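Here the structure is a predicted model, which is why all the values come from computation and not from measurement.
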Amino acid sequence: MQQEELKDLLTIFDQSSLTELNLKDGGFELYFNKTTTPRSQAAPATISEQPAATTTVENAAATQAETPQTASTQDEQAQEAVVEGTEIVSPIVGVIYLRPAPEKPDFKKVGDHVEAGEVVCIVEAMKVMNEITSDVSGEIVEVLVENEEVVEFNQPLFKVKEG
């Protein structure tokens, strides 16, 4: 598979509602996985080439058992409580700053109250500091990113329990 084909496939996958894609063609294997987990914790996409071999149902089951996303990863995800709330998302791609300055405390942390229109963080894009404000009033129930992490467009940053 050529690099342009891979890029096109990744773009189509990213824009689709699919959360997982596993493509096998002979000795070529491609695996994509979209999760709601912050990028720093998500498993990266993997591409591997292995010698071609005939695949039986038993062989396929053994291969699935050996994949990096094991039952323990699924158990950890199941054990985490699903936190309900409205997400505050990044309107741009850039580096997120949860503090107004390195020596200052975070704008908002879990348990803090936020008002609609209040600044919750800053995203730096192309040397421009963009203040990100809350669209809702309520309590911060989850911070989904780390300070100085690169964030993507529309990536969830905070969860707010309205009230």
Minimal non-hydrogen separation, Val119 against Phe107, with atom names: CG1-CE2, 3.8 Å

Under the 4.5 Å side-chain heavy-atom rule for ILVMFWY, direct or indirect, which residues accompany Val89? none

Which heavy atom of Lys159 sits nearest a heavy atom of Leu144, and at what distance? CG-CD1, 4.1 Å

Decide side-chain contact (heavy atoms from CB on, under 4.5 Å) for Leu157 and Val120; before the verdict, give the C-alpha distance in whole Å, the side-chain angles of both, and the deciding distance to 0.1 Å. CA-CA 9 Å; Leu157 307 174; Val120 292; 6.0 Å; no

Considering only residues two or more places apart or on different chains, which pairs with a residue in residues 104-121 satisfy side-chain hydrogen bond (donor to acceptor under 3.5 Å, both in side chains)? Arg99-Asp106, Lys108-Glu118, His113-Glu115, Glu115-Ser137

According to a 4.5 Å side-chain heavy-atom criterion applied to Ile, Leu, Val, Met, Phe, Trp and Tyr, with indirect links allowed, do Val123 and Val93 form part of one hydrophobic cluster? no

Of all the heavy-atom pairs spanning Val141 and Glu84, show the shortest one and how long it is. CG2-O, 3.8 Å

If we only count heavy atoms from C-beta on, is the Ile88 to Ile132 side-chain gap below 4.5 Å? yes

Please list, chain by chain and in numerical order, all residues satisfying side-chain hydrogen bond (donor to acceptor under 3.5 Å, both in side chains) with Ser90, sequence neighbours excluded. none

Taking the side chain as every heavy atom from C-beta outward, state whether Val145 and Leu98 have any atom pair closer than 4.5 Å. yes

Once side-chain hydrogen bond (donor to acceptor under 3.5 Å, both in side chains) is applied, what residue pairs with a partner in residues 121-134 remain, sequence neighbours excluded? Tyr97-Glu124

Are any non-hydrogen side-chain atoms of Ile96 and Ile122 less than 4.5 angstrom apart? no

Between CD1 on residue Ile92 and CD on residue Gln155, distance to nearest 0.5 Å: 12.0 Å

Side-chain hydrophobic cluster, 4.5 Å single linkage: members besides Met126: none

Residues passing the side-chain hydrogen bond (donor to acceptor under 3.5 Å, both in side chains) test with Glu139, sequence neighbours excluded, are none

Between Val95 and Glu149, is any pair of side-chain heavy atoms under 4.5 Å apart? no

